[in-house]
Amino acid sequence: MKSLIDILDLSVKEIDELLELAGDIIENPVKYSKACEGKKLATLFFEPSTRTRLSFEAAMYELGGHVIGFSDAKNTSASKGESVADTAKVISCYADIIAMRHYREGAPLVASCNATIPVINAGDGGHSHPTQTLADLLTIKREKGRLHDLTVGFCGDLKYGRTVHSLIEALSRYSGIKLVLISPEELKLPGYVKHEVIAKHDMPCVETTDLESSLPELDVLYMTRVQRERFTDLTVYERLKDSYILTAEKMELAKKDTIVLHPLPRVNEISVKIDADPRACYFKQVRNGKIMRMALILTLLKDAEGKTPMPEPAPTERPGGDKLFVNQHRCRNPQCITVTEQELDQVCRLMDADRGIYRCSYCDKKIRSEDE
């Protein structure tokens, strides 16, 4: 594991090892207070995200390391047209590990293929956010004592919520997981997640628009914000933004040991009156996010020790054995990194041979061979 770009880059064994390390960091913080002494983390945030950036910075400081980087791409060479590939090569000369957030989907993958140091995806557009998923898993594990045999409800924006997609992918590797998907019709979970993750792993799944009727059966309720920044038509956003609001009265319908998660920031989808409820775990998630990032930084830096610094070539195979094809089809997603990095190889994987459906390896958007 040279870098972490997608949660599926991690095996169940690797996730369990990270969770175990995180638990030890929680129990023995002094033991790790100088673990990264002399090491530098570069935080490259081309898209604003104060919480995630500060979490990475706090993680590195608590490991005894240093932080360099930026939080606004307008003041960097990217504003002059520098490619993500070149940025990764340059920063590799300054730091020991990179945490990158980018508005272009697939940008951290491009960085990892050109950097000579580990790269952590801190969020790429609406695509993936693997370290948030690790925070979610640690919170569920510590609060429920397990990552199997759980009924997990996802409520709100399931269409654009990258944290939802990533957590479903992660939970698909554990047994006994039942999903309850609660959303308005316009924000339903994308078909590719339902077909390529849920159906593929034969996960029991229910779709509904009714939060109240679902609450009594849930072990975990994962609330999400309707994200204004993902809408091109703001009238649709205004109509949907208050679709679900979790109140203290509604929580009376939930089990005594149901836990409530939220990737934050919240707007008004969870009443502040719930904050005092012991079942409210979203601020514990924040702390767990910092701890999991500490565990990940330690693991990636240890893995890089003693190895010759070399760029990592683009993968020829995805986890699970999906074969990749180069320059056979072009991605049409306007948010994909291939739009701006013109010399990138177009890499995709075959999902459905009968219908000629491929999926872009950078942004995971569907490509139909017949559309070209």
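For clarity, every value in this text was computed on a predicted model and none was experimentally measured.
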Can you tell me how far the [atom1] atom of [X] sits from the [atom2] atom of [Y], to the nearest 0.5 Å?
{"X": "Asp136", "Y": "Tyr282", "atom1": "CG", "atom2": "OH", "result": "15.0 Å"}
{"X": "Ile270", "Y": "Asp277", "atom1": "CD1", "atom2": "CG", "result": "11.0 Å"}
{"X": "Leu137", "Y": "Gln132", "atom1": "CG", "atom2": "CD", "result": "10.0 Å"}
{"X": "Arg349", "Y": "Cys360", "atom1": "CZ", "atom2": "SG", "result": "8.5 Å"}
{"X": "Lys141", "Y": "Leu134", "atom1": "NZ", "atom2": "CG", "result": "13.0 Å"}
{"X": "Ile259", "Y": "Thr139", "atom1": "CD1", "atom2": "OG1", "result": "7.0 Å"}

Are [X] and [Y] grouped together when hydrophobic residues (ILVMFWY) are joined by side-chain heavy atoms under 4.5 angstrom apart?
{"X": "Leu54", "Y": "Met100", "result": "no"}
{"X": "Leu350", "Y": "Ile367", "result": "yes"}
{"X": "Val67", "Y": "Ile297", "result": "yes"}
{"X": "Leu181", "Y": "Val206", "result": "no"}
{"X": "Val326", "Y": "Val339", "result": "no"}

Check: [Y] and [X] side chains under 4.5 Å, non-hydrogen atoms:
{"X": "Leu246", "Y": "Leu211", "value": "yes"}
{"X": "Leu19", "Y": "Leu147", "value": "yes"}
{"X": "Asn114", "Y": "Val84", "value": "no"}
{"X": "Leu261", "Y": "Val220", "value": "yes"}
{"X": "Leu179", "Y": "Pro204", "value": "no"}
{"X": "Asp219", "Y": "Thr258", "value": "no"}
{"X": "Leu8", "Y": "Arg173", "value": "yes"}
{"X": "Lys13", "Y": "Ser11", "value": "yes"}

For [X], is the [atom1] atom crowded, meaning more than 12 foreign heavy atoms sit under 6.0 Å from it?
{"X": "Tyr94", "atom1": "OH", "value": "no"}
{"X": "Lys255", "atom1": "NZ", "value": "yes"}
{"X": "Asn28", "atom1": "CG", "value": "yes"}

Between [X] (side chain) and [Y] (backbone), is there a donor-acceptor pair under 3.5 Å?
{"X": "Thr52", "Y": "Ser49", "result": "no"}
{"X": "Thr87", "Y": "Ser83", "result": "yes"}
{"X": "Thr224", "Y": "Gly161", "result": "no"}
{"X": "Asp86", "Y": "Glu82", "result": "no"}
{"X": "Asp9", "Y": "Asp6", "result": "yes"}
{"X": "Ser172", "Y": "Glu169", "result": "yes"}
{"X": "Asp303", "Y": "Thr299", "result": "no"}
{"X": "Asp210", "Y": "Glu212", "result": "yes"}
{"X": "Ser3", "Y": "Ser112", "result": "no"}
{"X": "Glu62", "Y": "Met294", "result": "no"}

Minimum heavy-atom distance between [X] and [Y], given as atom pair plus value:
{"X": "Ala22", "Y": "Leu138", "value": "CB-CD2, 3.9 Å"}
{"X": "Ala295", "Y": "Leu21", "value": "O-CD2, 3.6 Å"}
{"X": "Pro108", "Y": "Val119", "value": "O-CG1, 3.9 Å"}
{"X": "His201", "Y": "Val197", "value": "ND1-O, 2.9 Å"}
{"X": "Lys2", "Y": "Pro118", "value": "O-CB, 3.1 Å"}
{"X": "Ser183", "Y": "Tyr244", "value": "C-OH, 3.2 Å"}

Salt-bridged, [X] to [Y], with N to O below 4.0 Å?
{"X": "Glu143", "Y": "Arg279", "answer": "no"}
{"X": "Lys159", "Y": "Glu186", "answer": "no"}
{"X": "Arg162", "Y": "Asp124", "answer": "no"}

No-hydrogen, no-angle side-chain donor-acceptor test under 3.5 Å, [X] and [Y]:
{"X": "His129", "Y": "Asn121", "result": "no"}
{"X": "Arg293", "Y": "Thr131", "result": "yes"}
{"X": "His262", "Y": "Glu269", "result": "yes"}

Keeping to residues at least two apart or across chains, list the salt bridge (charged side-chain N to carboxylate O under 4.0 Å, His left out) pairs with something in residues 93-106.
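Applying salt bridge (charged side-chain N to carboxylate O under 4.0 Å, His left out) to every pair that reaches into residues 93-106, excluding sequence neighbours, yields Glu105-Lys365.
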Check against ring pair (Phe, Tyr, Trp, His ring centres under 6.0 Å), Tyr358 and Phe325:
CA-CA 9 Å; Tyr358 296 77; Phe325 299 84; 5.8 Å; yes
Could you check Phe154 against Ile182 for side-chain contact (heavy atoms from CB on, under 4.5 Å), going step by step and ending with a plain yes or no?
CA-CA 6 Å; Phe154 292 90; Ile182 309 157; over 6 Å; no
Side-chain donor-acceptor pairs under 3.5 Å in residues 187-195, sequence neighbours left out?
{"from": "Lys194", "atom 1": "NZ", "to": "Glu207", "atom 2": "OE1", "distance (Å)": "3.4"}
{"from": "Lys194", "atom 1": "NZ", "to": "Glu207", "atom 2": "OE2", "distance (Å)": "3.3"}

Determine, step by step, whether Lys178 and Asp149 satisfy the salt bridge (charged side-chain N to carboxylate O under 4.0 Å, His left out) criterion, reporting the C-alpha distance in whole Å, the side-chain angles of both residues, the deciding distance to 0.1 Å, and the verdict.
CA-CA 8 Å; Lys178 177 184 177 182; Asp149 298 319; over 6 Å; no
Please evaluate residues Leu171 and Leu150 with respect to the criterion side-chain contact (heavy atoms from CB on, under 4.5 Å), reporting the C-alpha separation (whole Å), side-chain torsions for both, the decisive distance (0.1 Å), and the verdict.
CA-CA 10 Å; Leu171 290 173; Leu150 294 166; 5.7 Å; no
Might you work through the side-chain contact (heavy atoms from CB on, under 4.5 Å) test for Val272 and Arg266, ending with a clear yes or no?
CA-CA 10 Å; Val272 295; Arg266 68 174 164 187; 3.5 Å; yes
Which residues pass the ring-ring contact (aromatic ring centres under 6.0 Å, His included) test with His165, sequence neighbours left out?
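ring-ring contact (aromatic ring centres under 6.0 Å, His included) check on His165 returns nothing, list empty.
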Passes side-chain contact (heavy atoms from CB on, under 4.5 Å), Leu41 versus His66? Steps please.
CA-CA 6 Å; Leu41 166 72; His66 302 280; over 6 Å; no
